[in-house]
Student: 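This is the structure I have questions about; it appears just below.
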2 protein chains.
Amino acid sequence: MEIVKQLSYIPLFEGLEQRHLEHLAAIVAKRKYRRGETIFSEGAEANGFYIITSGKVKIFKTAPDGKEQILHIFGMGEPFGEVPVFTGRSYPANAEALSDASTFFFPRNAFIGLIKQDPSLALNMLSVLSMRLKRFAALIEDLSLKEVPGRLAAYLLYLSQQNRNARDLTLDISKTQLAAILGTIPETLSRILSRMTYEGIIESDERHHIRIKDRKALELLADGNKIVR
Amino acid sequence: MEIVKQLSYIPLFEGLEQRHLEHLAAIVAKRKYRRGETIFSEGAEANGFYIITSGKVKIFKTAPDGKEQILHIFGMGEPFGEVPVFTGRSYPANAEALSDASTFFFPRNAFIGLIKQDPSLALNMLSVLSMRLKRFAALIEDLSLKEVPGRLAAYLLYLSQQNRNARDLTLDISKTQLAAILGTIPETLSRILSRMTYEGIIESDERHHIRIKDRKALELLADGNKIVR
DNA sequence: ATGTTTTTTTGATTTAGGTCAAGGAAAACG
DNA sequence: CGTTTTCCTTGACCTAAATCAAAAAAACAT
């Protein structure tokens with residue numbers, strides 16, 4: 001079966017036995033979303049969770065005035081919306097497709113049934129949730145204990161690490177989105193980027209591209225030191 | 001066995017079969033801490049997690065300048081330090097006893113062994129982690145999208161809910177600690193408390209006690225509205 | 001009690017970063 | 001293409017909250 005093969009490539013299902021993959025294939029549904037489309041809204045009743053098979057999805061909270069804080073941007077192979085599968089009944093945040101996106105949808109009850117039968121699946125899911133808690137803890141730390149330049153520096157270093165410490169980073173999101181990830185607004189981000197360029201820490205010639213020129217300085221910033229001007 | 005009985009009262013172990021409780025009892029170790037004692041530090045290697053049997057423990061991150069952000073304060077029956085059991089190997093934050101505290105300690109590998117044998121235990125743990133993710137998401141929202149009065153209002157309402165919507169709240173932490181929970185400093189908290197008292201929203205006659213006088217106003221504040229002065 | 005330490009409050013000042021406004025540059029779309 | 005829409009940048013300004021300083025009030029210990 002084709003779907004079983006696709007499922008086997010998903011980290012969450014890594015190491016599962018063939019028969020369990022087949023069970024998963026039996027309960028999964030495909031769902032597609034267009035760029036900008038809402039996948040679910042905070043508070044909406046949840047009856048399952050998703051795994052991205054193509055495209056990008058942002059998970060975010062919004063203030064009454066419209067400002068948004070992105071909690072996470074998920075891509076290929078990553079699950080989202082799993083929290084209400086195990087607690088409560090409603091999604092704790094909003095999800096929207098950043099690009100056209102395809103997903104697998106797993107209905108809650110059927111999935112819980114499978115978890116009861118397969119400890120590896122349970123452990124994989126525990127690992128996913130734990131990793132997410134770690135990232136959230138880091139985000140809380142950033143928001144509370146660092147200023148915007150520090151958060152930006154930490155984010156750039158994080159991006160760099162994702163690409164085996166590349167010096168040249170390709171932002172695959174708009175700067176407005178980046179601002180929403182860092183917990184600030186586009187104007188502030190813009191100012192800080194140009195300040196960091198002026199300081200010789202980074203270089204941002206073309207759109208969606210940032211080159212790290214002084215990694216050491218970024219590390220200092222990410223650790224709470226201020227820019228010396 | 002006495003320990004099995006104690007374990008059966010812990011929410012994480014609710015609904016477990018007798019024999020699984022006995023397995024847990026076989027791997028558990030008791031650990032005690034004195035007020036102010038460090039239980040673990042961020043980055044330290046983790047080989048197990050804890051459940052509080054008495055006292056209080058704070059989980060927090062610190063900035064180089066000493067400012068701290070409390071992620072959570074745990075009490076009786078609550079587990080902490082579980083994240084590295086399922087991912088990575090080191091604690092992502094610090095833990096310190098707020099009062100003298102006793103804990104059960106569960107070694108990592110033995111516990112994972114039990115999870116593999118008992119889907120209910122896995123599901124309970126999934127539920128604990130999911131609930132925690134929800135709270136973290138709320139904290140991120142507060143830090144990023146609300147100002148300090150809004151965060152305080154949200155916290156007071158949360159406290160009230162914990163006590164079946166009581167009007168009289170007993171803070172069991174110092175105001176300095178409360179400030180660290182809200183992501184601010186004692187001076188700011190003090191000013192906001194007196195402003196809210198002046199506005200007639202709360203009343204704070206004696207130490208460690210706050211009475212909600214205008215719940216509606218608190219709800220408005222928690223939703224992002226400003227105090228009308 | 002009496003002194004000592006910790007917590008809380010109050011005041012004066014500074015500052016990071018948000019708001020408002022407007023122009024310019026890409027990108028999306030018919 | 002040209003046009004519309006979204007995105008990004010820059011400037012002037014404002015405000016929430018941090019910092020610095022110091023006193024008052026509790027809590028703690030002797």
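What's counted below: heavy atoms across the whole structure, side chains too, no hydrogens, waters or symmetry copies.
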Student: Heavy-atom distance under 4.5 Å between the side chains of B:Ile51 and B:Phe80, does that happen here?
Tutor: no

Student: Tell me whether the count of non-hydrogen atoms from other residues, nucleotides or ligands lying under 6.0 Å of NZ in B:Lys213 goes above 12.
Tutor: no

Student: For B:Leu145 and C:dG17, give me the distance from atom CG to atom P, rounded to whole Å.
Tutor: 16 Å

Student: Grab the CG-P distance between B:Leu143 and D:dA17 for me, whole Å please.
Tutor: 12 Å

Student: Could you tell me the separation between the CG atom of A:Leu171 and the C1' atom of D:dC8, rounded to a whole number of Å?
Tutor: 13 Å

Student: Counting runs of three or more consecutive pairs, Watson-Crick or G-U wobble, with each distance below 3.5 Å, where are the stems of DNA chain D?
Tutor: C:1-22 with D:9-30, C:25-30 with D:1-6

Student: Would you tabulate the pairs of protein nitrogen or oxygen atoms and nucleotide nitrogen or oxygen atoms of nucleotides 27-29 of chain C closer than 3.5 angstrom?
Tutor:
unit_1: C:dA27; atom_1: OP1; unit_2: A:Arg207; atom_2: NE; d: 3.4

Student: What residues, two or more places apart in sequence or in another chain, satisfy ring-ring contact (aromatic ring centres under 6.0 Å, His included) together with A:Phe136?
Tutor: none

Student: Charged N to carboxylate O below 4.0 Å: is that the case for A:Asp168 and A:Arg211?
Tutor: yes

Student: At less than 4.0 Å, is any side-chain N or O atom of A:Ser174 found next to OP1 or OP2 of D:dT6? Yes or no.
Tutor: no

Student: Please state how far atom CD in A:Gln69 lies from atom P in C:dG18, giving the value in whole angstrom units.
Tutor: 11 Å

Student: What residues form a side chain to side chain contact (heavy atoms under 4.5 Å, CB included) with B:Arg167, not counting sequence neighbours?
Tutor: B:Ile212, B:Arg215

Student: How many whole angstroms separate atom NZ of B:Lys175 from atom P of C:dT10?
Tutor: 10 Å

Student: Sticking with atom C1', work out how far C:dA25 lies from D:dA12, rounded to a whole angstrom.
Tutor: 22 Å

Student: Give the intermediate values and the outcome of side-chain hydrogen bond (donor to acceptor under 3.5 Å, both in side chains) for residues B:Ser102 and B:Lys32.
Tutor: CA-CA 4 Å; B:Ser102 319; B:Lys32 286 177 182 291; 3.3 Å; yes

Student: Give the rounded distance in Å between these two atoms: CD of A:Glu147 and P of D:dA17.
Tutor: 15 Å

Student: In this structure, which one of B:Lys61, B:Glu96, B:Gln177 forms a side-chain contact (heavy atoms from CB on, under 4.5 Å) with B:Ile70?
Tutor: B:Gln177

Student: Can you tabulate the close N/O pairs, meaning under 3.5 Å, that link protein atoms to atoms of nucleotides 18-21 of chain D?
Tutor:
unit_1: D:dA18; atom_1: OP2; unit_2: B:Thr184; atom_2: OG1; d: 2.6
unit_1: D:dA18; atom_1: OP2; unit_2: B:Thr188; atom_2: OG1; d: 2.7
unit_1: D:dT19; atom_1: O4; unit_2: B:Arg191; atom_2: NH2; d: 3.0
unit_1: D:dC20; atom_1: N4; unit_2: B:Glu187; atom_2: OE2; d: 3.4

Student: When the distance from CG of B:Leu221 to P of D:dA16 is rounded to whole Å, what number comes out?
Tutor: 13 Å

Student: Rounded at 0.5 Å granularity, tell me how far OG1 in B:Thr53 sits from CD1 in B:Ile10.
Tutor: 7.5 Å

Student: Given B:Glu45 and B:Arg89, is the salt bridge (Lys or Arg N to Asp or Glu O under 4.0 Å) satisfied, shown in steps?
Tutor: CA-CA 6 Å; B:Glu45 193 178 312; B:Arg89 193 105 321 185; over 6 Å; no

Student: Would you say the ring centroid of A:Phe104 lies under 6.0 angstrom from that of A:Tyr50?
Tutor: no

Student: Starting at CD1 of B:Ile192 and ending at P of C:dT8, how long is that distance when rounded to a whole Å?
Tutor: 15 Å

Student: Could you pull out all residues at least two apart from B:Phe13 that satisfy ring-ring contact (aromatic ring centres under 6.0 Å, His included)?
Tutor: B:Phe106

